[in-house]
Amino acid sequence: MDHTPFIVGAYAAGALVLTWCALAPVLRLRRLRRQLADRQRRRAAAESA
Amino acid sequence: MSTVKRIFHQFGSPPWLFRFAGFAIPWLWAACLGLGAWGLWWGLVKAPPDYLQGESVRIMYLHVPSAWMSMGIYAGMAVFGFCALVWRVRAAEVIALASAPVGAAFTLLALVTGSLWGRPTWGTYWVWDARLTSELVLLFLYLGVMGLAAAFDEPRKGARAACLLALVGLVNLPLIHYSVEWWNTLHQPASVGVEGSSIHPSMLWPLLLMALATKFYYLANLLTRTRLQLVVENRKSRWVRDWVLETR
Amino acid sequence: MTGRVFLPLLRRDLLLAYRRRSELLLPLVFLMVVVSLFPLGVGPGLQVLSRIAVGVIWIAALLATVLSLDGLFRGDFEDGSLEQLVISGHSLPLAALARVAGHWLVAGLPIVLLSPLLALWMNLGEGGWSVLVISLALGTPTLSLLGGIGAALTVSLHRGGQLLSLLVFPLYVPILILAASAVTAATDGLPYNGQLGLLAAALVAALSLAPWAIAAALRLSLE
Amino acid sequence: MLKARKLQLERHFEPVFAPVDLDVAGGELWLLTGPNGAGKTTLIRLLAGLLRPTSGTVSRAPGPVAFLGHQLGLKDDLTVAENLAFHQALTGAEAPVESAIAAVGLEGARNQAARTLSAGQRKRCALARLLLAPAPLWLLDEPYANLDAEGVALVDRLLAEQLDRGGACVMSTHGALRPPELPWRELAIEAPS
């Protein structure tokens, strides 16, 4: 029996799960930062107007 | 003020922790990727196939560290949960809660790789083997902690409830582990004892490297999640506003 | 002052249960329905039934317990009795123990008493009957105690029921394994005292630890 | 009797109200006032020790505390007398249940299940608990809610007796109702800065 597909599958699953788990908070932080920056810019614009 | 609380206060001041994490994360990632690449090369290229299991033994270099991490992170989560409950330290709550998804990911990975290893070895994807069953129960425990934390409206209340549950789970975990192991020997007297066989020296080094790499992965991931939580909680404070406007 | 909470609370709970005695039958009917579904699902072959009998009865008992657990603290939480109990300054772990004891008397004990009938239905080997009853008598209080922790943690949530089962089923694994193996050993004519001893030890451990966890969870839920 | 220093509670990582300082001595009646959502109930629960403050401290003199919250703590399936008897057993109170029932004017409903009572009657039943066990400190959340004029007078009478005994009371109120005969002090809850 050829074991290669199982080994490849296991490491692909590992890459997928670990990448997703690591990237999720990074992306959320980036989105949050953009939101906060937008809000601050709007508020600054409202104050100067 | 107790020593534990003082330590947490020193290292738990949000802006300080945020900056420290931002500085440390790249180095942790570098260590994780470096060690991981080295370990993978050793395990996938240099190490010989096992004479009983054949090539499929290479899955072990991912499966075993994942299983170790899944249990280690649970213990860590419960210890931080204990600190959070006894000394009411917010930083400990954050760390305990941020650990849960990472631990759950490793548990899931241990299950997936375990069953992918089982197909060529046992001829089936799932066997109610002691370790796989324990991992499955552990996954349920993680999901319970995460689900409980998310179910509350007030985040701090949810965090403390989850910490308490993690602690209860930690007390039960050894009982679950041993009872499942014992149950397994009861029902499968002649189970495939390959996994239990002692580690061959040629496996030791890549295994160790991969175990170290996963530890750095956990630390980096944990600090990233902590950073996210710190910003969420302090979105109105001065230092977050400054950070938001910093040029990237 | 602190010791006076157990008996009044237990008496009140039993009185309340008596006032709603028609509801007491529901978990038992549930148990009987679940068990009776198995012969319909796997076929009436007596050998198959006797092989899965212990597991079926125990899992049904476990489900019935969890089903009744959701209401363990909900009433007290929603009508403000729990606040009064905390304010009264009595030992909250002791109060929690009284509450769990009341729950076991009305929801756990009937399961123990009903189990011989279920054993008959499922064609459990005759040697296993007494051990089944003993294992349930030792095991169901532990289920109530451990489940009480989950019930206390989820009492302030609107949809705590489903979460509750996710929280407590992993904790029930050792009990289920021990009890099932004790009964199986007994039907096979093997020694089973060790398993029963461990069940008793689990009960003692749960008795001494769970009330504190329940009390902490209740305080947390009130916040 | 009750002391709060820089008391604060956060919900969703934001303070509910500005830090509260409060000193309650025996014989004093304090009203917590503020618009809906100002945190009156939250503050009462903090003072009672049901909530743990995010920062600041609460210290209560030793001894029992009587608490009356939004949820009255009555069991629907028990009668008025049974509810009070349970409270008596719990607090080890000396006063007889019957006289407490009479004092709040529930003689007629003595053996009625609590679920059959009107909202005002339920409130009276809960107030009867205050008579059973003398507590030096009362913490009442909206004691006037759901009561008719007679019931309001009853609350005022109970309060007067409590203050005469040298007891203290902190209560929240949002309506225009103020105890007319009694001296009271006010703590207006302020929004966080």
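Residue numbers begin at 1 in each chain, while the letters A, B, ... track the order of the sequences. As the structure is a computational prediction, the values presented were derived from the model and not from experiment. Side-chain atoms are counted along with the backbone in the values below, which use heavy atoms only and exclude waters and symmetry mates.
- Heavy-atom distances place both the backbone and the side chain of Leu9(C) under 4.5 Å from chain D.
- Nearest heavy atoms, Lys75(D) versus Ser81(C): CE-OG, 3.5 Å.
- At least one side-chain heavy atom of Leu90(D) sits under 4.5 Å from a side-chain heavy atom of Val5(C).
- Taking chain D as the reference chain and counting heavy-atom pairs below 4.5 Å, the highest number among Ile87(C), Asp76(C), Val86(C) is found for Ile87(C).
- Proximity to chain C (any heavy atom under 4.5 Å) is restricted, for Leu74(D), to the backbone atoms N, CA, C and O.
- Neither the backbone nor the side chain of Arg60(D) comes within contact range of chain C; no heavy atoms are under 4.5 Å apart.
- Heavy-atom proximity under 4.5 angstrom to chain D picks out Leu222(C), Glu223(C) from residues 207-223 of chain C.
- Rounding to the nearest 0.5 Å gives a distance of 4.0 Å between CD of Glu82(D) and CZ of Arg19(C).
- In this structure, Leu50(D) CG and Glu83(C) CD are separated by 5.5 Å, a value rounded to the nearest 0.5 Å.
- Judged by distance alone, with hydrogens and angles left aside, the side-chain atoms of Gln84(C) form a donor-acceptor pair with the main-chain N or O of Phe67(D) at under 3.5 Å.
- Looking at Arg20(C), only its side chain comes within 4.5 Å of chain D, counting heavy atoms on both sides.
- Atom CD of Glu78(C) sits in a crowded spot, with more than 12 heavy atoms from other residues, nucleotides or ligands closer than 6.0 Å.
- Leu78(D) touches chain C through backbone and side chain together, each having a heavy atom under 4.5 Å away.
- Atom CD of Gln162(C) has 12 or fewer neighbouring heavy atoms from other residues, nucleotides or ligands inside a 6.0 Å radius.
- Judged as a side-chain hydrogen bond (donor to acceptor under 3.5 Å, both in side chains), and not counting sequence neighbours, Arg52(D) has no contacts.
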